[in-house]
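One structure is given below, encoded as structure tokens.
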Amino acid sequence: MKTIDELLAAGVSGKRVFVRADLNVPLSDGTITDDGRIRAVLPTVKALADAGAKVVVASHLGRPKGAPDPAFSLAPAASRLGELLGSAVAFATDTVGQSAQDTVAGLAEGQVAVLENLRFNAGETSKDDAERGAFADQLAALADVYVGDGFGAVHRKHASVYDLPAKLPHYAGYLIATEVDVLKKLTEDVRRPYVVVLGGAKVSDKLAVIDQLLDKADRLLIGGGMAYTFLKAKGHEVGISLLQEDQVPAVTEYMERAEKQGVELVLPVDVVVSRTFPDLKTKAPTEHTVVDADKIPADQEGLDIGPKTRELYASKLADAATVFWNGPMGVFEHPDYAEGTKAVAQALVDSDGFTVVGGGDSAAAVRTLGFDETAFGHISTGGGASLEYLEGKTLPGLAALED
């Protein structure tokens, strides 16, 4: 795929450059709680603006139902982008209507505009090729060149990600180029030992990537809510912990396969349990205890890995040359259950290997828990996209940028 450096070398002064970014940031009462995705696209936007382009930034946010919804407006993201750029950013109150047309027409060289949430138009996410194509035609009328830099959306076959690049000269932005380079290091000529840490709520979300990683990784460390399905597959009582009973046969098969292939599959040896799920808004202290992983009381649920498991996982990460981590070890949003996720993050910080935090909740966790982002080899902006790449799937947004 052609990169933004090739575009800049050819000259962009005065050209309208459509940047498909990922500004899908978490909001609380209209306030951005993590601006990592906005900061991730800054190098691309700034380089284009500095070169005299008229930069049109577009993104989705949340899952509106194909119509305007104030709760999902990109206005806060546009405002934050302006703060980070140190210059005013124009904001269009629609996607391809009069406001968008007037806003883009009013841009001077080096100025930046943000369009309203692309998912306010049903054509963005439509499964009908013609409807998507029609929306992409309207977007294409606003630009002369397309730059794909929304890595968190490249696994979606959406109008601005998949259809629009075919209608304009297209290039990969700095973020996408970096993300693809990192993912190649996790799939081609991997430095070993290669250790993968998988957490998060549902094991079903990770089965396909486990299937692929059993042929690539040396060690798999399992935590988070998905760990309880593994513990159940080993015959342990898991109480009222998160459990996908229907996935137990698949998990059993993967554990057997790991053993046959010599892949070390490591499960928690102790867990932090409670009778009640914590209040994540008030973060009020909860009653909780630590029990061995095979002794979870029937009336309690596991909410984090325990201290012995933290030490065990840190030791399993200590000699890693390559680490990929996707998914927290527990309910990290509450201080009573954040220690497991902290321990894994710290082990990556302490590692001499190439460490990748695989987007989504993992990326949010390292920032929420106060870690220096530069202490990691790479923090991905796209959890779902990263996983699908590692699963070996063709990602529509990357395929669209190929020539």
Side-chain angles (χ1 to χ4, degrees), residues 22-42 61-62 72 76-77 79-81 83-84 151-152 175 179 197-202 205-206 221-227 242 268 271-272 274 277-286 288 301-307 309-310 313-314 317 323-351 355-387:
D22 178 9
L23 308 181
N24 186 27
V25 292
L27 295 171
S28 177
D29 298 322
T31 300
I32 297 169
T33 57
D34 180 1
D35 67 358
R37 284 178 169 162
I38 301 175
R39 286 185 285 111
V41 78
L42 274 180
L61 190 150
F72 296 106
S79 176
R80 181 58 180 151
L81 178 61
E83 290 173 3
L84 292 168
F151 181 73
L175 174 62
E179 294 273 14
V197 186
L198 294 177
K202 294 183 178 180
D205 293 341
K206 304 289 197 308
L221 314 183
I222 306 295
M226 63 182 283
L242 191 60
V271 295
V272 184
S274 177
F277 195 85
D279 187 323
L280 300 183
K281 285 192 175 180
T282 66
K283 294 184 170 46
T286 62
H288 58 278
E301 65 178 317
L303 297 170
D304 194 13
I305 57 174
T309 305
R310 291 172 218 153
Y313 284 14
L317 288 161
V323 181
F324 174 71
W325 171 32
N326 182 281
M329 296 293 99
V331 186
F332 75 91
E333 300 92 339
H334 192 284
D336 289 347
Y337 309 104
E339 293 304 316
T341 302
K342 274 187 192 173
V344 168
Q346 188 61 54
L348 266 66
V349 169
D350 294 340
S351 171
T355 57
V356 179
V357 180
D361 286 342
S362 312
V366 298
R367 287 191 275 264
T368 300
L369 298 173
F371 286 90
D372 180 355
E373 293 181 47
T374 63
F376 303 91
H378 179 69
I379 298 181
S380 178
T381 56
S386 295
L387 288 177

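Note that the structure is a prediction, hence the values are computed from the model and not measured.
With values rounded to the nearest 0.5 angstrom, E339 atom CD is found 10.0 Å from I305 atom CD1. With rounding to the nearest 0.5 angstrom, the CE atom of M329 is 8.5 Å from the CE atom of M226. Distance check: R39 CZ to R367 CZ gives 6.0 Å after rounding to the nearest 0.5 Å. To the nearest 0.5 angstrom, F371 atom CZ is 5.0 Å from Q346 atom CD. Of the inter-residue distances, the one linking I38 atom CD1 with R80 atom CZ reads 7.0 Å to the nearest 0.5 angstrom.
Considering only heavy atoms from C-beta on, L387 comes within 4.5 Å of F324 through its side chain. By the 4.5 Å heavy-atom criterion applied to side chains, V25 and T33 are not counted as neighbours.
For E333 and T368, the side-chain atoms include no donor-acceptor pair closer than 3.5 Å.
Distance alone, capped at 3.5 Å, is enough to place a donor-acceptor pair between the D304 side chain and the G340 backbone. With hydrogens and angles disregarded, a donor-acceptor distance shorter than 3.5 Å links the side chain of S386 to the backbone of G382. Without hydrogens or angle criteria, E179 side chain to T381 main chain gives a donor-acceptor distance under 3.5 Å. Side-chain N or O atoms of N326 include one that pairs as donor or acceptor with a backbone N or O of G358 at under 3.5 Å. Judged by distance alone, with hydrogens and angles left aside, the side-chain atoms of S380 form no donor-acceptor pair with the main-chain N or O of V357 at under 3.5 Å. Between the side chain of H288 and the main chain of G302, no donor-acceptor pair closer than 3.5 Å is present.
Shown are L317, T355, L198, V366; of these, the side-chain contact (heavy atoms from CB on, under 4.5 Å) with W325 is made only by V366.
For R37, the salt bridge (charged side-chain N to carboxylate O under 4.0 Å, His left out) partners at least two apart in sequence or on another chain are D22.
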